[in-house]
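For reference, the structure is listed below as structure tokens.
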Amino acid sequence: MAENIREKRKYPRLKSLHLLSYINKEQGVQKCGVSMARTLDISPAGVRVEVYQSINPDSEMEMEIAVDENIYAVQGKVIYTEETPNNNYILGIKFDELTPQLASQLT
């Protein structure tokens with residue numbers, strides 16, 4: 001029996017592994033130094049990343065994403081977080097605004 005599943009996202013997610021550095025802020029207060037993560041998928045609307053420390057939903061993230069030979073500075077907000085079986089964390093981050101240059105590489 002085939003199910004009728006409709007994609008609800010405005011942009012498709014591209015499964016893509018990129019290195020990402022980030023600074024986590026909660027209510028404007030920096031919670032850690034610069035940390036590293038990797039993307040699991042990315043779209044012009046947001047990114048899903050794997051990190052090694054717990055980060056609360058609603059945290060503000062300042063990120064630099066390396067795509068090919070370019071590094072893009074973006075900001076976003078953590079929408080959800082989930083712990084993995086190996087004690088890492090998956091974050092869903094919605095971009096505040098995306099640079100046109102990065103958006104063109106993702107579409």
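For the single chain, residues carry numbers from 1 onward in sequence order. Side-chain atoms are counted along with the backbone in the values below, which use heavy atoms only and exclude waters and symmetry mates.
- Residues Ile90 and Thr84 are in side-chain contact: their nearest non-hydrogen atoms beyond the backbone lie under 4.5 Å apart.
- Note that the CD atom of Glu64 and the OG atom of Ser21 stand 4.5 Å from one another [nearest 0.5 Å].
- Residues Val78 and Asn56 fail the side-chain proximity criterion, which asks for heavy atoms closer than 4.5 Å.
- Heavy-atom minimum distance, Pro44 versus Phe95: O-CD1, 3.5 Å.
- Using a cutoff of 4.0 Å between basic side-chain nitrogens and carboxylate oxygens, Glu50 and Arg38 are scored as salt-bridged.
- Atom CG of Leu91 sits about 10.5 Å away from atom CG of Asn88, to the nearest 0.5 Å.
- Counting only heavy atoms from C-beta outward, the side chains of Glu62 and Lys25 approach each other to under 4.5 Å.
- Summarising the local packing, CD of Gln101 is surrounded by more than 12 heavy atoms from other residues, nucleotides or ligands at distances under 6.0 Å.
- In this structure, Ser43 contributes its side chain and Ala45 its backbone to a donor-acceptor pair below 3.5 Å.
- Residues Arg48 and Tyr80 approach most closely at CD-OH, 3.0 Å, considering heavy atoms.
- Side-chain contact between Val74 and Met61 is absent, with no heavy-atom pair separated by less than 4.5 Å.
- The CG atom of Leu19 lies 8.0 Å from the OG1 atom of Thr39; values are rounded to the nearest 0.5 Å.
- As a member of the Ile/Leu/Val/Met/Phe/Trp/Tyr network built from side-chain separations under 4.5 Å, Ile23 groups with Val34.
- Looking only at side-chain heavy atoms (C-beta outward), Ile65 and Ile42 come within less than 4.5 Å of each other.
- Under the 3.5 Å distance criterion, with hydrogens and angles disregarded, no donor-acceptor pair is assigned to the side chains of Gln30 and Asn24.
- Remark: Glu82 CD is packed, more than 12 non-hydrogen atoms of other residues, nucleotides or ligands lying under 6.0 Å away.
- The minimum heavy-atom distance between Ser35 and Gln53, with the atom names listed, is OG-NE2, 3.4 Å.
- Rounded to the nearest 0.5 angstrom, Met63 CE and Leu20 CG are separated by 6.5 Å.
- For the side chain to side chain contact (heavy atoms under 4.5 Å, CB included) with Glu83, the lone residue among Asn87, Asn86, Thr81 that qualifies is Asn87.
- Tyr89 and Tyr52 get closest at one heavy-atom pair: CD1-C, 4.3 Å.
- Between Asp96 and Lys77, the shortest heavy-atom contact is OD1-N, 4.2 Å.
- For the pair Val49 and Ile93, the minimum side-chain heavy-atom distance is below 4.5 Å.
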